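First listed ligand is number 1; within each ligand, the first listed atom is number 1. Because the structure is predicted, anything quoted here is derived from the model rather than measured. Heavy-atom basis, side chains included; hydrogens, waters and symmetry copies ignored.
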Amino acid sequence: MSGFICRVSNNLVKEKVLNSLELLRYQDDDSTGIIFASTKGCHRYRVVGDISDLRKEIPEDVDGHVAMAHTRWSTYAKQIVEKVYPICSENRLVAVIVHGLIDNILTIKRRLERQGYKFETTSANEVVANLIDFYVQEGGSKLTYLQSLNKAVHYLEGSYALTALFIGEGDRIYFAKKETAMVIVKTDDSFVITNDFNAVVQESRLYYYPLDGAIGYISKDDLFVFDRDLERITSQFTKATITEQELELGHYPHYMLKEIEESPRVVRRLINQYFDGNKYRFDNALIDRIMEADNIVFIAAGTSYNAALVGQRYLRSFNKKVDVFIASEWIYYPYQSGDNPLYILISQSGETSDVLKCMRIIRSYGGEILAITNTEVSTLFQSADYRLLLHAGPEISVASTKAYIAQITLLSLLYARLLNKVTTIAALEKVINALNEMIERRHEIEKIASMIKNSRDVFFLGRGFDYDLAIEAQLKLKETTYIHSEAYAGGEILHGPLALIDDKTPVIVFLSDNSTVSAMREVIVHIKDRGANVIIVSAEPFTLPEDNFGLVTLVKSYHSPILFAVFGQYLAYYIAVGLGRNVDRPRGLNKSVQDANGK
Ligand code: F6R
């Protein structure tokens, strides 16, 4: 899991690059590196540690107008400094940072070994650096650096976001992109290449999204983009619609709290976006495509997967097959049924690497994709056949909150459009009222949080829609508080897991799905017999006086995941604060999860 930032500027870049690196980092980053370049030479600093360690390594008097930097949390192996990016080629001709997965890396390595190259590490970056080095040497003065890079890139199979800096040149940074996150940003004084727009969005909203197959370079004055035949492509910057307010923390202590409390506005914005007052504003071609598909296949990860579970329930009512898959599973067992599937890929970031791998597999079948994402500057959004934006605004807290609200709201609007059911808008207006009620009553949730914050395990139960939201609530709790939590379908708890529940185990039960509430009340009796500490969270008209939290505003059961997700988000938030966790940057998670092997 990692991030990169490359900057060529009219001004000195050190502080700005390190600040961007801070925005890209994980809580547990264990390898960080930077290379400064000028026409006089290069200085590279690398540490097995985080940005604060890197800062100590960089001498006061070192700075420059060109720098390439990287930060990474390696999930799978102990780091050694030789492996820290940027990686230089054996002859110190080029430094590279490569994200992605190069399929033919071993073949390239063997070929280079036959040419006499020696390798210090097993890093794919070292192989790519030496491949470029080889073409620079082979081409000599007959080839420009761009031409040598292009030759190397032609040889690469797989997906990559490659950036390179030629040591003897020092005033340009080169790039090549295929199916891996990369965006180029123009600021007042610089051109920047990064995998994550958020790393520079405070400074500039002007972005250019290189298409797959693009190659080129940035200088201090311009961006040059070429196709693979080195024909220049016109590159126009687009202005992202993000406001200052959306990026600022304001009076909130954490982004997570701010983003939870944005939820009524997120629902309102989606109504305005997809309903014009009389009718829905979805593209008819998309609606026809969904209706004619014989199999809808949702694919996503984490919270987005949990939202897809709700989407699956909505779309199943159309009498067609609807499946939902975890992206990292579907990759290995790609499954569809029928002759005419439509794939719905949901991803807040639009850059989760497992989701993008699924996208590539689907493409190789010639399948069609609807992307639902919050990020227009993303590989998923740019590459899909049909696209729907979540309009939740930038989600800065690592734990996803408002994006989940937006995902379910959007899916319910889409569902309503497919049914041509305008009354859903009135139902969503009630959701906005209920969200405001939830926000006003947040201190009741804070009290429940303080009651259970020292528990070792927490269980969440529900049936139907309540089960979907139980799954999301347990994820939110475990990722932000590090308390072990489990979600079970209400009836399933009686098939074994009950053995884990004793009088110290809080069991949070959601009761809002009208077709399942009475069955769930029966299960509660069994769990209470075990002496469990049952906390009942219910919605009118199902609330009993003894329930711990009863939402007064009446909403449709199919919208209840939106509301009770917010209950789960507050609960996780208050417990995380109570336990002194790093709320906005929990350990072990980042805004867009890259390969488990650390790429
Ligand atoms: C949970 C969380 C993660 C993400 C998951 C997918 O709060 O943030 O589980 O939901 O990594 O991310 P996207 O939606 O960007 O594909």
Side-chain angles (χ1 to χ4, degrees), residues 1-3 26-27 73 75 180-181 195-198 254-257 259-260 263 298-311 324-331 343-359 369-381 383-384 387-390 392-408 410-411 468-469 471-482 485 487 561 565-566 568-573 575-576 581-596:
M1 303 193 189
S2 53
Y26 292 71
Q27 201 192 126
W73 173 51
T75 45
T180 302
N195 60 313
D196 186 347
F197 189 42
N198 286 326
H254 300 103
Y255 279 103
M256 184 174 174
L257 185 62
E259 289 164 9
I260 293 171
S263 51
F298 282 100
I299 301 178
T303 287
S304 297
Y305 169 81
N306 297 342
L309 293 172
V310 179
V324 52
F325 292 97
I326 295 170
S328 56
E329 285 293 311
W330 190 85
I331 293 165
Y343 297 87
I344 305 184
L345 272 51
I346 307 183
S347 171
Q348 188 287 130
S349 62
E351 296 293 358
T352 295
S353 79
D354 287 326
V355 175
L356 297 185
K357 279 185 201 157
C358 295
M359 184 183 87
I369 295 171
L370 161 61
I372 298 185
T373 176
N374 197 30
T375 321
E376 60 187 287
V377 193
S378 71
T379 308
L380 183 62
F381 188 77
S383 324
R387 330 164 225 212
L388 293 174
L389 262 185
L390 292 166
E395 193 178 58
I396 292 166
S397 158
V398 165
S400 188
T401 54
K402 62 177 178 173
Y404 178 82
I405 306 302
Q407 285 161 347
I408 298 178
L410 175 53
L411 287 165
D468 301 338
L469 79 93
I471 296 173
E472 172 56 12
Q474 63 84 31
L475 173 63
K476 213 65 9 181
L477 189 74
K478 78 175 41 134
E479 72 188 342
T480 53
T481 68
Y482 322 147
S485 52
V566 171
Q569 293 166 3
Y570 270 130
L571 190 74
Y573 173 76
I575 296 180
R581 306 293 191 231
N582 189 341
V583 177
D584 285 335
R585 282 170 184 263
R587 70 183 183 210
L589 182 65
N590 199 5
K591 242 6 236 173
S592 77
V593 174
Q594 303 303 301
D595 283 331

Original post:
Under 4.0 Å from any heavy atom of Ser304, which atoms of ligand 1 are there?
Top reply: 10 (O), 13 (P), 14 (O)

**OP:** Flag the pair Val583 / Thr480 as yes when at least one side-chain heavy-atom distance between them is below 4.5 Å, and no otherwise.
**Re:** no

Original post:
What are the atoms of ligand 1, with element, lying closer than 4.0 Å to any heavy atom of Ala399?
Top reply: 7 (O)

Original post:
Is Glu351 near ligand 1, meaning one of its heavy atoms is under 4.0 Å from it?
Top reply: no

**OP:** From atom 16 (O) of ligand 1, work out which of Thr373, Thr352, Asp354 has a heavy atom at the shortest distance.
**Re:** Thr352

Original post:
Can you check side chain to side chain donor-acceptor pair (under 3.5 Å) on Glu351 and Thr379, steps first, answer last?
Top reply: CA-CA 6 Å; Glu351 296 293 358; Thr379 308; 2.7 Å; yes

Subject >> Non-neighbouring partners of Phe298 that pass ring-ring contact (aromatic ring centres under 6.0 Å, His included), sequence neighbours left out >> reply: none

Subject >> No-hydrogen, no-angle side-chain donor-acceptor test under 3.5 Å, Gln348 and Thr303 >> reply: no

Original post:
For ligand 1, which part of Val398 has a heavy atom less than 4.0 Å away: the side chain, the backbone, both, or neither?
Top reply: backbone

Original post:
Using 30° and 60° as the class limits, which term best fits the ring planes of Trp330 and Tyr343: parallel, tilted or perpendicular?
Top reply: perpendicular

**OP:** Heavy-atom contacts with Ala301 under 4.0 Å: which atoms of ligand 1 show up? List them by number with element.
**Re:** 5 (C), 6 (C), 10 (O)

Original post:
By number and element, which atoms of ligand 1 are closer than 4.0 Å to a non-hydrogen atom of Ser347?
Top reply: 13 (P), 14 (O), 15 (O), 16 (O)

Subject >> Atoms of ligand 1 close to Lys476 [distance to a heavy atom under 4.0 angstrom, numbered from 1] >> reply: 1 (C), 7 (O)

Subject >> Contacts of type salt bridge (charged side-chain N to carboxylate O under 4.0 Å, His left out), residue Glu479, not counting sequence neighbours >> reply: Lys476

Original post:
At under 4.0 Å between heavy atoms, which part of Glu479 makes contact with ligand 1: side chain, backbone, both or neither?
Top reply: side chain

Original post:
Do Gln407 and ligand 1 have an N or O pair less than 3.5 Å apart?
Top reply: no

**OP:** Determine yes or no for a side-chain-to-main-chain donor-acceptor pair under 3.5 angstrom, with Asp584 supplying the side chain and Ile396 the backbone.
**Re:** no

